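Notes follow the structure.
It should be emphasised that the depicted structure is a prediction, and the values quoted were computed from it without experimental measurement. Scope of the values below: all heavy atoms of this structure, side chains included, with no hydrogens, waters or symmetry mates. Sequence lines set the chain letters: A, B, ... in the order given, protein chains first and strands last, and positions in each chain run from 1.
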Amino acid sequence: MERRRSRSPRAAPTRNPLTQKPYSSNYTKLLKDRKSLPVYEALLQLENLLKLHQVIILQGETGSGKTTQVPQYLAGLQKKVACTQPRRVAAMSVAKRVAEEMDVKLGEHVGYSVRFDECSSESTLLKYLTDGMLLREAMKHPTLDQYDIIILDEAHERTLATDILFGLMKEVLQKRRDLKVIVMSATLNADKFQHYFEGAPLLSVPGRLFPVEVFFTQVAEEDYVAAAVKTVMQIHAFEDPGDILVFLTGEEEIETACRNIKKEANKYGESVGKLLVIPLYSTLPPSAQQKIFEPAPGPNTKNIPGRKCIIATNIAETSLTIDGVVYVVDSGLSKQKVYNPRMRVESLMVSPISKASAKQRAGRAGRTQPGKCYRLYTEETYRSELQETTHPEILRSNLTSVVLTLRVMGIDNLVKFDFMDPPAPETMMRALEILNFLGALDDEGDLTELGSLISEFPLDPELSKILITSERFKCSDDILTLCAMLSVQNPFLRPKESGEVADKAKAQFAHQDGDHLTLISVFSAYIREGQRQDWCSHNFINPRSMRAAAEIRDQLLVKFNKLGLQVLSEERGRSENIRKCICSGFFTQVACKEKSSIYATLKEKQCVAIHPSTTLAFRPEWVLYHEYILTSKNYIRTVSIINPIWLLELAPHYFELEGFPDSQGKRQLESLKKSRAKNKK
DNA sequence: GAGCACTGC
């Protein structure tokens, strides 16, 4: 019966071909909405193009429905489909929505896969996953045979993982003529993708956003925070009801702006509506982040409606969507990561955003009704100083992990690997050099056994290395904790108003040998106290960091056991063993005291100071640091005391010292070497 | 003696 009916060209099937069950009423209701999406009419065209081409570029703005409709349409053709997303929340929520639209149970025909949460099965035809997760799958199965179609969504964001997948796709498409790839992107750089995948046809679908009127300032603003405050007050006093979203660059600025807006609003009294001012940045505790979803305040005594005003970082550009925003105020700036391969340092710099970002920010005003966007820069600045698109992440990152990943996927000629934007040769050289010193690559640049072990862990190669070495130093229990703690946001909270109390709380955990041991002791205390939220808040510890660390530690432990490594811990010589073990991975990050509190990094001879957040009670001769940051000064942060002899024992190859600049540290190491040689005789 | 855009495995 069903067969005959589904063959009929006119009547739509009443039973779901995937489950053989009749469609629910919810399905019918959702189908109506789906049919009104701009992308709906393009689906057949897409199917036909796929018969002729291996790669297709699909360009569509927010609201076109491409993320939900394209993958499910292809899965409906009985193809195994993977669709990547840059963020885990998106992968999970889109999968849930699509399962509902397809009238199947989430985790069966439609599933998702993100870190810590695998929701798919044998029967899964369509899987949404984070781009990083697909990369992990590709490390195991470099030709991705488990899929017929791979969709790279949000390609315009050019995340590190998506960029590597682009290059990988080029290789795999040669080996698998049956594989199809769809690159889905917002506009602006679709032609770049088309050029990269030579001959790939471009399919465009319109978006569905309300119009947003854009205003520029007439003259350049000197103080953009003050300008933002002024603009918010003007909107609040003179514009129609609707919430305001302001884009600034960071925590401090945002808190200042919030204070000033509240102060200004108070001056106006009842002549304007109530204004709810909410800061939004990623390091805020989740409870504070939830405030952005609170409704705008009601009318005041003069019956003027209230509104809310959210002052946010880039987090509101893509990661968090706030409905009801009608006005956007855009500073035109954001903090961006930059990488200096010569100094081997990643730092954050306030930089102008791209035109693509400016457009994205403006679009945040048009999600529910027509909106307005006030740009705190001139049209001339926009035209001449803003780049078309944001510099892809791969050009701004340390590539140690990336190079290792490529090697594991069997890419042996890195020079020939077709990057959409090739990274600086110096950055690649740095990565190869460090991987060689870690023992992950041999002198020919080939992957070693240790290298493939290192690549198994979801960690930076240096951290994986110390985790593996921890077996030898009988401190794996502690190093598992340390790796987890170094992978999460700084767990120590220090609110300005209670700085001293917070410092005292932190002092309870301080370990005399350094910040690494302090991190371990915080985690131990957290577990000992039953992982309690109230314990965290009482001790100025960020509970989110601790929960994340516990989860990561569990994941690392499972992997650790699976690889046949042994969890050992020995009390005798514990601190020394831990610090030696850290040296086995971070020997390139050591500094020697020059005078009083000034240090010089050994390899680059950069003058640095130990960051004031350290728990070290004095300034030792030699330290190992976890990160080198450029802020008001050059700082090294997360620092522990080491004995320079360990360096010679653990990384003799690196400390041959030929390429090192002359310094007190180098001379000390040289004389240590001499006396060691003498003792051996 | 002071500061951490945002993701992701």
- Is it the case that A/S334 and A/T249 place a side-chain donor and acceptor less than 3.5 Å from each other? no
- Note on the structure: Contacts satisfying ring pair (Phe, Tyr, Trp, His ring centres under 6.0 Å) that involve residues 497-521 of chain A (not counting sequence neighbours) are A/F509-A/W535
- Establish, from distance only, whether the side-chain atoms of A/T162 and A/D131 form a donor-acceptor pair under 3.5 Å. yes
- In whole angstrom, what separates A/K633's NZ from B/dA2's C1'? 9 Å
- Compare all side-chain heavy atoms of A/Y224 with those of A/Y377 and state whether any distance is below 4.5 angstrom. no
- Message: At under 4.0 Å between heavy atoms, how does the protein contact nucleotides 4-9 of chain B? Give one character per nucleotide, 5' to 3', with B, S or -.
- Response: BBSSSB
- Query: Taking only residues at least two apart or on different chains, which pairs with a member in residues 391-410 of chain A satisfy salt bridge (Lys or Arg N to Asp or Glu O under 4.0 Å)?
  - Reply: A/K337-A/E393
- Interatomic distance where CG belongs to A/L493 and P belongs to B/dG3 [whole Å]: 17 Å
